[in-house]
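Everything numeric in this text was worked out from a predicted model, so none of it was measured. Every chain is numbered from 1 and lettered A, B, ... according to where its sequence line falls, protein lines coming before strand lines.
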2 protein chains.
Amino acid sequence: MSRNPSHRPTDRPGPQAGEAPAINPTLNKGPVNQRVPEGDNRPRLICDDCGFIHYDNPKIVVGAVCLHEDRILLCRRAIPPRIGYWTLPAGYLELNESTEAGAAREAFEEATARIEIERLLAVYNIPRISQVQLIYRARLLSPEVAAGEESQEVALFRWEDIPRQEIAFPSVHWALDHHRETRALRDFPPFGNPAGETGHY
Amino acid sequence: MSRNPSHRPTDRPGPQAGEAPAINPTLNKGPVNQRVPEGDNRPRLICDDCGFIHYDNPKIVVGAVCLHEDRILLCRRAIPPRIGYWTLPAGYLELNESTEAGAAREAFEEATARIEIERLLAVYNIPRISQVQLIYRARLLSPEVAAGEESQEVALFRWEDIPRQEIAFPSVHWALDHHRETRALRDFPPFGNPAGETGHY
């Protein structure tokens with residue numbers, strides 16, 4: 001393992017969607033060089049200054065199709081990417097959190113919504129950005145919702161009123177359609193990506 | 001944000017199960033101090049030397065109950081934790097990998113097994129160690145299996161021959177039982193943790 005500072009690249013790998021490592025360019029660079037650690041079989045980002053190995057693995061996004069009677073909760077995004085577009089309440093699962101608890105937390109953070117998780121609707125894979133999305137069907141415990149910090153506005157939409165031209169991500173379309181297909185069912189296997197779809201946008 | 005080196009703790013947070021950041025104690029410490037980054041709402045590990053923010057999120061474990069006729073593939077672990085105990089082929093999902101591809105890769109790495117994924121059997125949450133496990137039911141394309149680097153031995157077990165006293169983790173018991181319950185079914189909703197079970201061992 002070389003610790004020669006001249007080996008540091010001037011270009012750093014870009015941040016994942018949704019996060020921006022704030023590296024101060026006047027200081028050192030953090031774990032930016034790729035090497036295979038001893039006993040491992042693939043390259044990891046390693047810090048040449050301190051030896052820290054950054055085991056970067058896919059992240060879990062948890063979210064829900066939240067229903068009040070026949071209306072679906074959507075949130076208009078106030079943060080990048082896709083500011084101003086509509087999405088389901090969803091976000092990164094946090095440490096020591098179950099997937100159901102994470103989906104409920106996101107619904108509260110983005111729309112002050114209290115929900116009851118009913119069923120796993122879908123597991124979507126978006127390998128290009130190393131995301132696995134677990135999307136649940138949930139019931140709103142009250143129709144009182146309001147925009148959280150990450151939302152410009154939130155609203156409950158009837159199916160025919162969903163702003164399909166202003167949806168933030170392909171997987172939001174998938175989840176809406178998959179919910180529609182199974183809305184009368186109690187038990188069903190979760191959906192995956194629609195055939196041939198990668199989630200790229 | 002303080003960058004005072006005297007604020008560095010002498011105790012570092014322990015590694016997650018299955019990984020060991022190799023920090024050289026004669027150098028600096030890497031992202032070991034917890035602070036809330038600007039625009040965030042919870043503490044993250046930050047490196048005082050370079051400002052790198054270590055967004056640590058739960059990790060995804062992918063695995064499979066792999067079947068040849070009525071026999072189930074198990075692997076005797078050659079690595080910690082639980083060396084010498086039997087487990088299903090499973091491991092951490094890697095970047096840019098789909099969950100199905102990851103489960104198939106693990107079966108090959110641990111048992112040189114070629115498999116076809118059939119169905120999502122379960123989504124288990126083990127929040128104490130920040131793990132989400134996606135366990136599939138899969139078909140072995142051939143009964144020819146052999147121990148990979150992380151296995152002492154591998155074998156195909158009839159149900160009644162499974163070494164229940166030498167199983168590595170609670171979630172392996174869960175997956176075996178959940179498979180047994182649904183082995184004749186084509187479509188079913190995935191299982192979660194058995195009621196009241198945390199996966200702690």
*Do A:L74 and A:V154 touch side chain to side chain, with heavy atoms closer than 4.5 Å?*
no
*Would you give the length of the straight line joining atom OH of A:Y92 to atom CD of A:Q131, rounded to the nearest 0.5 angstrom?*
4.5 Å
_Please check: side-chain N/O of B:S151 versus main-chain N/O of B:R77, any donor-acceptor pairing under 3.5 Å?_
no
*asked:* Under 4.0 Å between a side-chain nitrogen and a carboxylate oxygen: does that hold for B:E166 and B:R82?
replied: no
*Evaluate whether atom CZ of A:F157 has more than 12 neighbouring non-hydrogen atoms of other residues, nucleotides or ligands under 6.0 angstrom away.*
yes
*Could you state the interatomic distance from SG (B:C47) to CG (B:N33), rounded to the nearest 0.5 Å?*
9.0 Å
_Positions in residues 65-73 of chain A that reach chain B, provided some heavy atom is under 4.5 Å away_ = none
_Salt-bridge criterion met for A:R164 and A:D177 (N-O under 4.0 Å)_ = yes
*Does any N or O in the side chain of A:Y124 come within less than 3.5 Å of the main-chain N or O of A:A175, such that one atom is a donor and the other an acceptor?*
yes
*asked:* Could you check whether any side-chain N or O of B:H178 sits under 3.5 Å from a backbone N or O of B:W174, counting only pairs where one atom can act as donor and the other as acceptor?
replied: yes
*Criterion side chain to side chain contact (heavy atoms under 4.5 Å, CB included) against A:P58, the qualifying member of B:L95, B:N57, B:T99*: B:L95
*Hey, is the main chain of A:A101 close enough, under 3.5 Å, to the side chain of A:S98 for a donor-acceptor pair?*
yes
*asked:* If I compare all heavy atoms of A:L156 with all of A:P143, which pair ends up nearest, and what's the gap?
replied: CD1-O, 3.8 Å
_Neighbours of chain B found in residues 183-200 of chain A - heavy atoms under 4.5 Å_ = A:D187, A:F188, A:P189, A:P190
*Return the option, out of A:H54, A:E97, A:E100, A:E149, with the maximum number of heavy-atom pairs under 4.5 Å with chain B.*
A:H54
*Please state whether the side chain, the backbone, both or neither of B:L134 comes within less than 4.5 Å of a heavy atom of chain A.*
side chain
_Inter-chain contacts: residues 108-122 of chain B against chain A, heavy atoms under 4.5 Å_ = B:E109, B:R119, B:L120
*Among the options B:I79, B:N41, B:L93, pick out the one with the most heavy-atom pairs lying under 4.5 Å from chain A.*
B:L93
*If you count heavy-atom pairs under 4.5 Å with chain A, which of B:I126, B:N96, B:V123 comes out on top?*
B:N96
*Between the side chain of B:Y85 and the main-chain N/O of B:Q165, is any donor-acceptor distance below 3.5 Å?*
no
*For the atom pair SG (A:C75) and CD (A:Q152), what is the distance rounded to the nearest 0.5 Å?*
11.0 Å
*Can you name the side chain to side chain donor-acceptor pair (under 3.5 Å) partners of B:E153, sequence neighbours left out?*
B:R76
